[in-house]
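Notes to accompany the following structure.
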Amino acid sequence: MTKYLENIFDITNTYDLIISDVFGVVHDGQRLLKNADKFFKQEASKVALLTNDGRGIDDVAEHLKGYNFLKKEHYKDLFTSGFFLDEFYKLNSESNIKCFILDDYLETSANRKEAVLSVPSITFTSDIKEANYCFASGVCKFDLDYIKNNQDLLSKLTILKNNHCKLLCPNPDKFVVYDNRLIVLAGFIAEQYQKLGGEVISFGKPNKYPYEFIINKYNPNKVLMIGDTLETDIDGANQVGIDSLLIGTGVTKHYWQNNNHGGTFESWLADSTIKPTWYIDEF
């Protein structure tokens, strides 16, 4: 059963490694979240950031500097889905990969496209029928109601699935909260592809590998995962058997607030199949 906290420092001394999400925990895309600066400064020597951001580690670290959120001062290590995607490219032995990028629907970051196209075995194709891979990364250009019923997108995904294409998705997140709105991400499109029967290769939470990679690097006695999303942060932590803390500053609490038809958040969370060890409204 989830235990509710008022002060996170009541539990942090029992953990020697804290893995933390970034968007929705550290910042909201515009500013640092309440008391995040204080918390991460106090726990910096324990903190490894793990974000489903499809960019590389250096790009995300540079972005965090814009919030005056700095390595050593606020955290000791940083891992991104983009990092794990790059590791996949290095280990991938397939040749003659023709990759179709779903950028009609996504604001795909330029450096992710470059990462795809810089791999010697991968070439870009604009012909969807000759593709054997496809790529989805970034923020959706459309809102949720439009994209989930978009027949052109579903038609393209069906063609890719029928051609047995593998969809590379560095960021499995389906949504992010920005300016008090749910913004659709590439993970939502990847989920649609899976529902059609297509194969998705994703590189971030809730996959076990990123958690195991960090745990194996530091070999801690006791680990806490902090995140704002049940389906990624908390589910992944549960899969690898570590404690987790859900914070109410991001996706899950926002989703509940906008879809609440009566009842309390506590009762809703108790009915969820994914349960965190701890819950706190904010740092």
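Predicted, not measured: the structure shown is a model, and the values here were computed from it.
Using a 4.5 Å cut-off on side-chain heavy atoms (C-beta onward), Tyr146 and Asn150 make contact. For the pair Lys174/Val251, no side-chain contact is recorded, criterion being any heavy-atom separation below 4.5 Å from C-beta on. Between Phe175 and Glu231, every side-chain heavy-atom pair lies at or beyond the 4.5 Å cut-off. Considering only heavy atoms from C-beta on, Phe124 stays 4.5 Å or farther from Phe135 through its side chain. Counting only heavy atoms from C-beta outward, the side chains of Asp53 and His63 never approach each other to under 4.5 Å. Taking 4.5 Å as the limit, some side-chain heavy atom of Ile215 sits within range of a side-chain heavy atom of Pro220. Two residues are said to be in side-chain contact when any heavy atoms from C-beta on lie closer than 4.5 Å; Val240 and Glu212 meet this criterion. Using a 4.5 Å heavy-atom cutoff, the side chains of His27 and Leu64 are in contact.
Between Asn52 and Ser81 the shortest heavy-atom distance is CA-OG, 3.1 Å. The nearest pair of heavy atoms linking Leu167 to Ala136 is CD2-CB, 4.0 Å. Shortest non-hydrogen contact noted between Ala44 and His74 is CB-C, 3.5 Å. Residue Ile247 comes nearest to Tyr279 through the heavy atom pair C-CE1, 4.3 Å, listed as atom of the first residue, atom of the second, then distance. Nearest heavy-atom pair, Val184 versus Ile147, reported as atom, atom and distance to 0.1 Å: CG1-CG2, 4.2 Å.
Taking the ring axis of Tyr15 as reference, the NZ or CZ atom of Lys222 stays within 45° of it and closer than 6.0 Å to the ring centre.
The hydrophobic cluster analysis finds Leu154 isolated: no Ile, Leu, Val, Met, Phe, Trp or Tyr side chain comes under 4.5 Å of it, directly or through other members. The hydrophobic cluster around Val139 extends to Phe23, Val176, Tyr178, Ile183, Leu185, counting ILVMFWY residues whose side-chain heavy atoms fall within less than 4.5 Å of a member. Hydrophobic cluster membership for Leu70: none, as no Ile, Leu, Val, Met, Phe, Trp or Tyr side chain comes under 4.5 Å of it.
Criterion: ILVMFWY side-chain heavy atoms under 4.5 Å apart, direct or through other members. Under it, Leu182 and Leu33 are not part of a common hydrophobic cluster.
The backbone N or O of Thr80 lies less than 3.5 Å from no partner atom in the side chain of Thr51, so there is not a single donor-acceptor pair. Counting only distance, with no hydrogens or angles, the side chain of Ser272 and the backbone of Ile274 share a donor-acceptor pair below 3.5 Å. A donor-acceptor pair under 3.5 Å is formed between the side chain of Asn238 and the backbone N or O of Lys275. Put simply, the side chain of Asp16 gets close to the backbone of Asn221: a donor and an acceptor are under 3.5 Å apart. In this structure a side-chain-to-backbone donor-acceptor pair under 3.5 Å is missing from Tyr105 to Ala186.
Looking at Ile18, Ile226, Thr12, Val25 one by one, the single match for side chain to side chain contact (heavy atoms under 4.5 Å, CB included) with Leu245 turns out to be Ile226.
Ion pairing between Asp127 and Lys98 fails under the 4.0 Å rule for side-chain N and carboxylate O.
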Applying side chain to side chain contact (heavy atoms under 4.5 Å, CB included) to Leu224 and Thr14, what does each step give before you reach the verdict? CA-CA 9 Å; Leu224 177 68; Thr14 65; over 6 Å; no

Decide side chain to side chain contact (heavy atoms under 4.5 Å, CB included) for Lys41 and Glu73; before the verdict, give the C-alpha distance in whole Å, the side-chain angles of both, and the deciding distance to 0.1 Å. CA-CA 6 Å; Lys41 277 183 176 177; Glu73 186 173 337; 3.0 Å; yes

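Applying the salt bridge (charged side-chain N to carboxylate O under 4.0 Å, His left out) test to Lys208 and every residue at least two apart in sequence or in another chain returns nothing. Legend: residues meeting side chain to side chain contact (heavy atoms under 4.5 Å, CB included) with Glu199, ordered by chain and number and at least two apart, are Lys166, Ile201. Taking the side chain to side chain contact (heavy atoms under 4.5 Å, CB included) definition, one finds that Asp233 meets it with Asp21, Lys205, Met225, Asp228, Thr229, sequence neighbours left out. Annotation: side chain to side chain contact (heavy atoms under 4.5 Å, CB included) contacts of Pro276 (sequence neighbours excluded): Thr2, Leu230, Ile234, Ser244, Leu246, Leu269. With sequence neighbours excluded, the residues satisfying side chain to side chain contact (heavy atoms under 4.5 Å, CB included) with Ala131 are Phe100, Thr125, Leu160, Cys165. Here Asp28 pairs with Arg31 under the salt bridge (charged side-chain N to carboxylate O under 4.0 Å, His left out) rule; sequence neighbours left out.
Applying the ring-ring contact (aromatic ring centres under 6.0 Å, His included) test to every pair with at least one member in residues 28-55, sequence neighbours left out, gives these pairs: Phe9-Phe39, Phe39-Phe283, Phe40-Phe69, Phe40-Phe283. Within the structure, salt bridge (Lys or Arg N to Asp or Glu O under 4.0 Å) pairs that include any residue of residues 1-13 do not occur (at least two apart or interchain). For residues 135-152, the salt bridge (Lys or Arg N to Asp or Glu O under 4.0 Å) pairs, not counting sequence neighbours, are Asp145-Lys148, Asp152-Lys156.
Inspection of the Tyr218 and Asn216 side chains reveals no N or O donor paired with an N or O acceptor under 3.5 Å. Side-chain contact, Asn132 with His164: no donor N or O sits under 3.5 Å from an acceptor N or O.
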